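Data block below; observations after.
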Amino acid sequence: MERRANEIRQQNTTAIQAVANILKSSLGPSGLDKMIVDNVGDVTISNDGATILRQLDVQHPAAKVLCELSELQDKEVGDGTTSVVIYTAELLKNALELVQAHIHPNSVILGYKKALRWAQRYITEHLTFPVAQLGPDTLLNIARTTLSSKTVSADINYFSNLCVEAVRSVQTAKADAPGQFEYPIKAINILKAHGRSMNESVLVPGICLPMARAAQGMPRVVRPAKIALLDFGLQRMRMRMGIQVEVTDPMQLEAVREQEVAVVRKRLEMIFQTGCNVILCTGGIDDLCLKPFVEANAIGVRRVNKDTLRHIAKATGGQVLLNLSNLEGEETFDAACLGEAEEVSEERVADDDCIFIKGCKTTRACSLLLRGPNDYMLDEMERSLHDALCALKRTLESDEVVVGGGAVDGALNIALEKYATTLSSREQLAISAFARSLLVIPKTLAVNAALDATELVARLRAAHALSQQPDTKTPELKWSGLNLVTGDVINNLAAGVLEPAMTKQKALQFATDAAVAILRVDDHFKLEPEPQQQGGPQ
């Protein structure tokens, strides 16, 4: 039974190592990109861990855990999706060595959990500091650190400023916590337009929709705007399937057609009577119904995406209506359902017309307009900026940052090794294995930068060991991290290599939880479908 369990653990670890090895070369500023071609020939070029794993067709059940883990890190934090996979694979690899040395898996699991708790407490007490303590450039440094491994790193200063401005522009006071703010990333709309270079991307105030007015006779600008949000079309009212109407006179048929259009026109009159001057709907707008828009000096936009409509409703204080029926079955329109904005206008962007909604009533919103040569570059730019925006959001909301470049991993490695020597149980071995696993990040960063990983990591550990001596005269060495350009160990705090504390803490937590979950598995069964009888039941 024990032999069978070891074989299963070996298989699970091998599968997870195979997935992690795919991502290892894409970690850090010197990481490489992956090209994924799906079954219909669509190409994705990226070095984002969550994006790569989302595209891969992973069959092994243990390896699927890594894909879900990377998605969870992307959802919770937005950055660190590659790190969490590499941590998990290394933790499992070291745990397997202990199990093969006849250490019971439960002892390893308890040791890992204890090491995680101790590591998170150590990070909070010794390695984090508030944003305000570091000065005004902290947010820019965090954006630079996140973007340094992305496609946009060639114009890193420009895009860092762009991300910081975008996040600050959507700052919203919390209703339930006076004096505190939240930064809704969903209020930042990202649009992509072909042509021009990357550094001609711009930040536009307000919400931008990549669509035009339904008719040229409508006004280009409306101030102030009262917006109706309709989750249905303004097309002529047709009878439902199965309903038949018999007419004996051709004039009656014409009357039916006129009535179909009259129903929609009546709806429009009802909406315009409330002061509405902008209508956004998810369906089409019939050409016969465009005249009332022009007469009312209103803008109509057809086929707006449902998610975008909900986003606009939240920003403008409006309400998305599925229909106009009230409880009595009659059609009415309440002015309270209208959203409000300072201005709605149509402007030319690149080769397309776009609708801009500026000065939203309830929440502030902005749009990032990205320019680039092709779809691959634009998609990767969007993913890169999304990671940077998430990192900035987490930093501003938690107000805690740590030093990057392997500094936290080196400090925790030395601290956990010392902590392990204070224990007199088998958990000591598991905590030492946990500490060794943390060095996989600085090792991988050095290897990807074509540097001597063994020497660099040894110098990193020596610096942190010296900083943690009781009578140390160089406490600033605890900020030591790797400089992958020069191949030196430097003070990364002074160099401005920073990341949100939540990124590191969540990555360690999720990686440990996943490693523990897989380590608990000692057998697996594949259920075959029941064979179907030929010729039906006997």
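Note that the structure is predicted; figures quoted are calculated from it, not measured.
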Take Ser46 and Glu380 through the side-chain hydrogen bond (donor to acceptor under 3.5 Å, both in side chains) test and state the conclusion after the steps.
CA-CA 6 Å; Ser46 178; Glu380 183 62 8; 3.0 Å; yes
Return the minimal non-hydrogen interatomic distance between Asn492 and Gly404, and the atom names on each side.
ND2-O, 3.0 Å
Let me know which of Thr88, Val65, Leu53 forms a side chain to side chain contact (heavy atoms under 4.5 Å, CB included) with Val19.
Leu53
Minimum-distance pair of heavy atoms, taken over all atoms of Val58 and Cys67
CG2-SG, 3.7 Å
Any heavy-atom pair between the side chains of Phe356 and Ile207 that's under 4.5 Å?
no
Excluding sequence neighbours, so at least two apart, what forms salt bridge (Lys or Arg N to Asp or Glu O under 4.0 Å) with Glu269?
none
Electrostatic pair Arg302-Asp287, nearest N-O below 4.0 angstrom:
yes
How long is the gap from CG on Leu498 to CG on Leu140, to the nearest 0.5 Å?
11.0 Å
Between Val164 and Leu392, is a side chain to side chain contact (heavy atoms under 4.5 Å, CB included) present by the stated rule, with each step listed?
CA-CA 7 Å; Val164 172; Leu392 291 169; 4.0 Å; yes
Residues in salt bridge (Lys or Arg N to Asp or Glu O under 4.0 Å) contact with Arg54, at least two apart in sequence or another chain:
Glu71, Asp74
Applying side chain to side chain donor-acceptor pair (under 3.5 Å), can you list everything that pairs with Asn161, at least two apart in sequence or on another chain?
none
Interatomic distance, Arg394 atom CZ to Leu389 atom CG [nearest 0.5 angstrom]
12.0 Å
Applying side chain to side chain donor-acceptor pair (under 3.5 Å), name anything that partners Asp379, two or more places apart in sequence or on another chain.
Lys192
Please examine the side chains of Val402 and Ile123, heavy atoms only from C-beta on, and report whether any two atoms are closer than 4.5 Å.
yes
Atom OG1 in Thr82, atom CG in Asn47: separation rounded to 0.5 Å?
7.0 Å
State, yes or no, whether a side-chain contact exists between Leu370 and Ile190 at a heavy-atom distance under 4.5 Å.
yes
Sorted by chain and residue number, the salt bridge (Lys or Arg N to Asp or Glu O under 4.0 Å) partners of Asp399 (sequence neighbours excluded) come out as none
Show me the pairs that pass salt bridge (charged side-chain N to carboxylate O under 4.0 Å, His left out) and involve residues 200-224, at least two apart or across chains.
Arg196-Glu200, Arg213-Glu346, Arg220-Glu346, Arg223-Glu343
Looking only at heavy atoms, the pair that brings Ser70 and Gly49 closest together is OG-C, 3.7 Å
Can you check whether Ile312 reaches Thr308 side chain to side chain, under 4.5 Å on heavy atoms?
yes
Sequence-distant partners of Thr44, side chain to side chain donor-acceptor pair (under 3.5 Å), two or more places apart:
none
Take Ile86 and Leu27, measure what side chain to side chain contact (heavy atoms under 4.5 Å, CB included) needs, and give me the verdict at the end.
CA-CA 9 Å; Ile86 296 173; Leu27 180 72; 3.9 Å; yes
Can you see whether Asp231 engages Thr282 through a side-chain donor-acceptor pair at a distance of less than 3.5 angstrom?
yes
Have Glu347 and Ser345 got a donor and an acceptor in their side chains that come within less than 3.5 Å?
yes
Residues 26-40 vs salt bridge (charged side-chain N to carboxylate O under 4.0 Å, His left out), sequence neighbours excluded, gives none
Check: Val43 and Ile36 side chains under 4.5 Å, non-hydrogen atoms:
no
Please give me the minimum heavy-atom distance between Cys208 and Ser367, naming the atom from each residue.
N-OG, 2.9 Å
Apply side chain to side chain contact (heavy atoms under 4.5 Å, CB included) to Leu116 and Leu508, showing your working.
CA-CA 7 Å; Leu116 174 66; Leu508 286 173; 4.0 Å; yes
Per-pair distances, 0.1 Å, donor-acceptor, side chain in residues 147-156, under 3.5 Å, sequence neighbours excluded:
{"from": "Ser148", "atom 1": "OG", "to": "Thr145", "atom 2": "O", "distance (Å)": "2.8"}
{"from": "Lys150", "atom 1": "NZ", "to": "Asp387", "atom 2": "OD2", "distance (Å)": "2.9"}
{"from": "Ser153", "atom 1": "OG", "to": "Lys150", "atom 2": "O", "distance (Å)": "3.1"}

Between Asp353 (side chain only) and Met211 (backbone N and O only), is there a donor and an acceptor less than 3.5 Å apart?
no
With the side chain counted from C-beta on, respond yes when Thr124 and Gln505 share a heavy-atom pair under 4.5 Å apart, and no when they do not.
yes
How many angstroms lie between atom CG of Asp57 and atom CG of Asn39, to the nearest 0.5 angstrom?
9.0 Å
Less than 3.5 Å apart, any donor N or O on the side chain of Thr172 or Glu182 sitting next to an acceptor on the other?
no
Between His194 and Asp375: side-chain donor-acceptor atoms closer than 3.5 Å
yes
So, taking the atom named CD1 in Ile142 and the one named CG in Asp137, what distance separates them when rounded to the nearest 0.5 Å?
11.5 Å
In Å and rounded to the nearest 0.5 Å, what is the OG1 to CG distance from Thr81 to Asp79?
6.5 Å
Partner set under ring pair (Phe, Tyr, Trp, His ring centres under 6.0 Å) for Phe293, not counting sequence neighbours
Phe272
Might you point out which heavy atoms bring Val403 and Val408 nearest each other, and give the distance in Å?
O-CG2, 3.4 Å
Once ring pair (Phe, Tyr, Trp, His ring centres under 6.0 Å) is applied, do any residues pair with Phe129, and if so which ones, sequence neighbours excluded?
Trp479
Run the side chain to side chain contact (heavy atoms under 4.5 Å, CB included) check on Ile271 and Leu230 step by step: do they pass?
CA-CA 11 Å; Ile271 294 171; Leu230 310 179; 4.0 Å; yes
What are the two closest heavy atoms between Cys390 and Ile185, and how far apart are they?
N-CD1, 4.4 Å
Any non-hydrogen side-chain atom of Leu338 less than 4.5 Å from a side-chain atom of Phe333?
yes
Indicate yes or no for a side-chain donor-acceptor contact from Ser325 to the backbone of Glu331 under 3.5 Å, with no hydrogens or angles considered.
no
Would you say Ile279 and Leu268 make side-chain contact, with heavy atoms under 4.5 Å?
yes
Partners meeting side chain to side chain donor-acceptor pair (under 3.5 Å) with Glu397 (sequence neighbours left out):
Lys393
Lys504 bridged to Asp409 by N-O distance under 4.0 Å:
yes
Using a strict threshold of under 4.0 Å (side-chain N to carboxylate O), is an ion pair present between Arg383 and Asp48?
no
